[in-house]
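Reviewing the structure listed below.
A note on names: the letters A, B, ... follow the listed sequences, proteins ahead of strands, and every chain is numbered from 1.
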There are 2 protein chains.
Amino acid sequence: MVAGAAELIGARGVGATSVRELAKFTGAPLGSTYHYFPGGKDQLVEEAVGWVSGRIEKLLSRTGDQGALAVLDAFIANWREFLIASDYQASCPVLAVATEDTVTAGPASAAFSRWHDLLVEVLRREGVAPKRADRLAWLIVGSIEGAVVMSRSQRSPEPMEAVAAELRGVIREAVKA
Amino acid sequence: MVAGAAELIGARGVGATSVRELAKFTGAPLGSTYHYFPGGKDQLVEEAVGWVSGRIEKLLSRTGDQGALAVLDAFIANWREFLIASDYQASCPVLAVATEDTVTAGPASAAFSRWHDLLVEVLRREGVAPKRADRLAWLIVGSIEGAVVMSRSQRSPEPMEAVAAELRGVIREAVKA
DNA sequence: GTCTATACGAAGATAGAC
DNA sequence: GTCTATCTTCGTATAGAC
């Protein structure tokens, strides 16, 4: 159900995702939703953000040993698949929450921060200077999130792949320097 | 009123911005809104996107002669001011529409595309190779949009400035190459 | 042309039958 | 514990008095 919430929120945004629809979407009755999620919609949104964030963090620690380029490739491949499989309906639920909501913005903010910090670690392990790693990590997180929206909006993998190509260049240069 | 719509949509998203609130926000009665915007909320959203897009395009053509770095600086300065002045409530309405809505996604998609094309022109005038200019333009548009969300989310100009610093490096390198 | 009052549906949430 | 029926509030949109 949390996964369903993440999917719907990513695709249509928080405001456009009603608890009713979500219940129908996941096959659960409306009442049960409030039994399992007494906090209502806010709790559901929060758990969806946490769930996605956890998955991203797993991906980061799984590929982190192989360096920042491997992380980037894993992200891009993942998003490419998601976007195409959903016919360009999917998007990042964390970004959606961060853009829309103000109540549950805390967890979204924390998620971005965690992703950034994990990326900084990866970059520093590859010898990138601390200050540079900090800046580069924000570029990577920010531009991938932005690129997902661009690609979804253009209904084409091209923007995302363009961003990936440029990021690869920057990462290679930063690691070498 | 269109400006107010853009502001509210940027801050709270499309779904969370009701026509009622917007009328109150701009001081207009609810009925008048439907007199001037017979298309209702959809028309309002669409015009807000068009209005913002026009402003961005103006900024692009005004600073474009001075090169991509000047464009970047203008954007960052603009967003910095907006974010701080709004106590990190502001965000890009076009991104909000592109993330949330499906009906009015067309104009948002067109806006991104136009910004990209204008940036490609600027880059090519500075001698950047066509293919590279295309990719780099997507990186710039995507990462600035992403960076605005990151900075808003972190309630700090830092992510945006980090992205700007990295972009400056990439642009300088691309122009030189 | 401007605005108030209202229609109608859908939202979040809950009470209470099973 | 599960689910249906319902309460209240707020959404978009409009009708019709000025």
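In this structure, CE of B:Met1 is placed 13 Å from C1' of C:dT2, rounded to the nearest angstrom. Spacing between atom NE2 of B:His35 and atom P of D:dA15 amounts to 15 Å, rounded to whole angstrom units. Remark: P of D:dC10 and CZ of B:Arg12 are 13 Å apart, rounded to the nearest angstrom. Taking atom CG of residue A:Leu22 and atom C1' of nucleotide C:dA10, one finds them 16 Å apart after rounding to whole Å.
Contact annotation: B:Ser32 reaches the phosphate of C:dC3 (side-chain N/O to OP1 or OP2, under 4.0 Å). Considering only side-chain N and O atoms, B:Tyr36 lies nowhere under 4.0 angstrom from the phosphate OP1 or OP2 of C:dG1.
The side-chain heavy atoms of A:Arg125 and A:Val122, taken from C-beta on, include a pair separated by under 4.5 Å. Between B:Asp42 and B:Val45 the shortest side-chain heavy-atom distance does not fall below 4.5 Å. A 4.5 Å side-chain heavy-atom check between B:Glu145 and B:Trp115 finds at least one atom pair inside the cut-off. Two residues are said to be in side-chain contact when any heavy atoms from C-beta on lie closer than 4.5 Å; B:Met1 and B:Glu47 fail this criterion.
Within the structure, ring-ring contact (aromatic ring centres under 6.0 Å, His included) contacts touching residues 30-70 of chain B (residues at least two apart or in different chains) do not occur.
Salt bridge status for B:Arg62 with B:Glu57: absent, with no side-chain N to carboxylate O gap under 4.0 Å.
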- [ ] Heavy atoms under 4.0 Å is the rule here; annotate nucleotides 11-18 of chain C 5' to 3' with B where the base is hit, S where only the sugar-phosphate is, and - elsewhere.
- [x] BBBB----

